[in-house]
There are 2 protein chains.
Amino acid sequence: MEGTLHTQQDLDETDLAIIERVEEDFDVSLETLADELDLSKSAVHYRLNKLKDSDVIKGVSADVDPLAFGLEMVAITDVSVAHESGYSENIGEELNDLEGVERVYYTMGDVDFVVVSRVQTRDQLNDLIDQIVAVEGVNETSSKFVMQEFDADSSLVSNLTDEARQAVLDASTN
Amino acid sequence: MEGTLHTQQDLDETDLAIIERVEEDFDVSLETLADELDLSKSAVHYRLNKLKDSDVIKGVSADVDPLAFGLEMVAITDVSVAHESGYSENIGEELNDLEGVERVYYTMGDVDFVVVSRVQTRDQLNDLIDQIVAVEGVNETSSKFVMQEFDADSSLVSNLTDEARQAVLDASTN
DNA sequence: AATGAAATCGACCAGCA
DNA sequence: TGCTGGTCGATTTCATT
C-alpha cells in the first residue's frame, strides 16, 4: 500500500520518545508507554504502527549474546582491492556473505573495505581471512584483533546531538 | 586444556531455529513459530522465556532506520593513544559516550581504537573528531568516510559456519 | 490522530510425561 | 526438565469522532 521513500518522515517529540524507548527495549508494555507519555494505549499503538509502516522502524529483533555461542573473537580486517576490478559492490556483497562476517564498510581512502568479523576460534579466523583473500579482486588484507568492544548504547535516538535532534523535528513542522 | 567457553547454555536445534527466527524478526507470532517447528505455542513461549532468562537473548529492540533521521554520513576513525596513559578502558568509554559514536573497538596493533560514528553533516563529523582529539590521552586520529555499508544479515545464528554451529550443539550434550 | 469496545493473541499457571 | 491445555490479561483491530 504505502510506497515510502527514503525521505524524512514527519516526527514529533512524542514519536521520538516512543522510538527512544522501544529502540532500547521493545518489551515495554503499551500501558507503561501510555502512562509515560500521557496518551491512551491505542494512540501509542497507532503511532508504533505508523512508524513501522513508514519504515522509520525497520523491524523488531531479538538481541543475541555472541558469547552464548562462543563467539569471543572479533577481528577488523582492512581489505584493498585491485583498481582495475571496477565495480566493487559485488566484492562488498561477497565479503558480507562470508560466514563469520558481521559487517562490511566500503570506504574512501587508502583502504577500500573494512570488514568486522566474529568467530569462535583462531582457526576459524584464519579460514575466514583465507576466504577473504580468495575473493576475486581482493588485493591485500591486514587484520587486527579486537581486545574489547564498547557498544553499550546502540540507540540511535538517544545518541543524537541536540542539534541533530532539532534538525529532525524541524523537518516535520514546516 | 579445552578452550571452552564460560557460560555456554544448553542449546538444541529447536533453540537455534527459534533464535534464528526471532533474531531476524521478533514480530513473528507464536503460532507461526509453533507451526514451523511442530511444537505447541506454550512450548515455544517456554523456550523463549528460558532463552531470555539465561541471557542468550539479551533483549528485544526496534531497529531504527538511520536515514529516517538524516544520519547519512558514516566515518571510521582510527585513534592512537599515548602509551603512558595506562589503563585505556576509560578512554574507550569516553569515546563511546560521545554523541554520534556508534561503536568503539579496542584493538591490538598499531592503532589502539577503531571508532565508528554516524552523523548528519560534515560539520557534525568535524565537531565529533575535535571531541575525539580532545579526549585525555588521545594522541593521533585518522578518519575515512564510509561510502557504502553492507549489513544486510545482522543475524548471528544464520551467520555461523557449520563447524561453529556444531560446536554450539556439542557443548550441550556433554 | 485519537478513542473505546470487541476480537485476537500472548503470558502465566497447574498438572502431566 | 520440557511440555500441554486452559485461563486471564494484554495487544491488535475497527467503527466512530
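Everything quoted here is computed from the prediction, not taken from an experiment. Throughout, a chain's letter reflects where its sequence line sits, starting with A, and its residues are numbered from 1.
- The interatomic distance linking Ile18(A) (CD1) with dT11(D) (P) rounds to 14 Å, in whole Å.
- One interatomic measurement links the two molecules: CG of Leu48(A) to C1' of dA2(C), which rounds to 14 Å at whole-angstrom precision.
- Checked by atom type, the side-chain pair Thr161(B)/Glu99(A) shows no donor-acceptor distance below 3.5 Å.
- Nucleic acid contact for Lys41(A): base, since at least one base atom lies under 4.0 Å from a heavy atom of the residue.
- Here dA5(C) presents its P atom at 18 Å from NE2 of His45(A), a figure rounded to the nearest Å.
- Rounded to a whole Å, the OH atom of Tyr46(A) is 16 Å from the P atom of dG4(C).
- Remark: C1' of dG2(D) and CG of Leu39(B) are 10 Å apart, rounded to the nearest angstrom.
- Atom CG of Asp38(A) is separated from atom P of dT3(C) by 11 Å (rounded to the nearest Å).
- The distance between atom CG of Asp53(A) and atom C1' of dT13(D), rounded to the nearest whole Å, is 13 Å.
- Not a single donor-acceptor pair under 3.5 Å links the side chain of Asp55(B) to the backbone N or O of Lys58(B).
- Distances were taken from every side-chain heavy atom of Arg47(A) (C-beta onward) to each of dG5(D), dT11(D), dA1(C); the shortest belongs to dA1(C).
- Rounded to a whole Å, the CG atom of Leu33(A) is 12 Å from the P atom of dT12(D).
- For Glu31(B) and Val44(A), each mapped to the nucleotide of DNA chain C holding its nearest heavy atom, the one lying further toward the 5' end belongs to Val44(A).
- Of the candidate nucleotides dC12(C), dG10(C), dG2(D), dC12(C) has the atom nearest to the side chain of Asn49(B).
- Of the inter-residue distances, the one linking Leu95(A) atom CG with Arg103(A) atom CZ reads 14.5 Å to the nearest 0.5 angstrom.
- A salt bridge is absent between Lys144(B) and Asp110(A); no separation between the charged side-chain nitrogens and carboxylate oxygens falls under 4.0 Å.
- When heavy atoms are screened at a 4.0 angstrom cut-off, Ser42(B) is found touching base atoms of the nucleic acid.
- Put simply, Val115(A) and Val146(A) are part of two different groups of oily side chains (I, L, V, M, F, W, Y) that touch within less than 4.5 Å, one to the next.
- Among the nucleotides dT4(D), dT11(D), dG2(D), the one closest to any side-chain atom of Ala43(B) is dT4(D).
- Proximity note for Leu30(A) (side chain, C-beta onward) versus dC3(D), dT3(C), dT12(D): the nearest is dT12(D).
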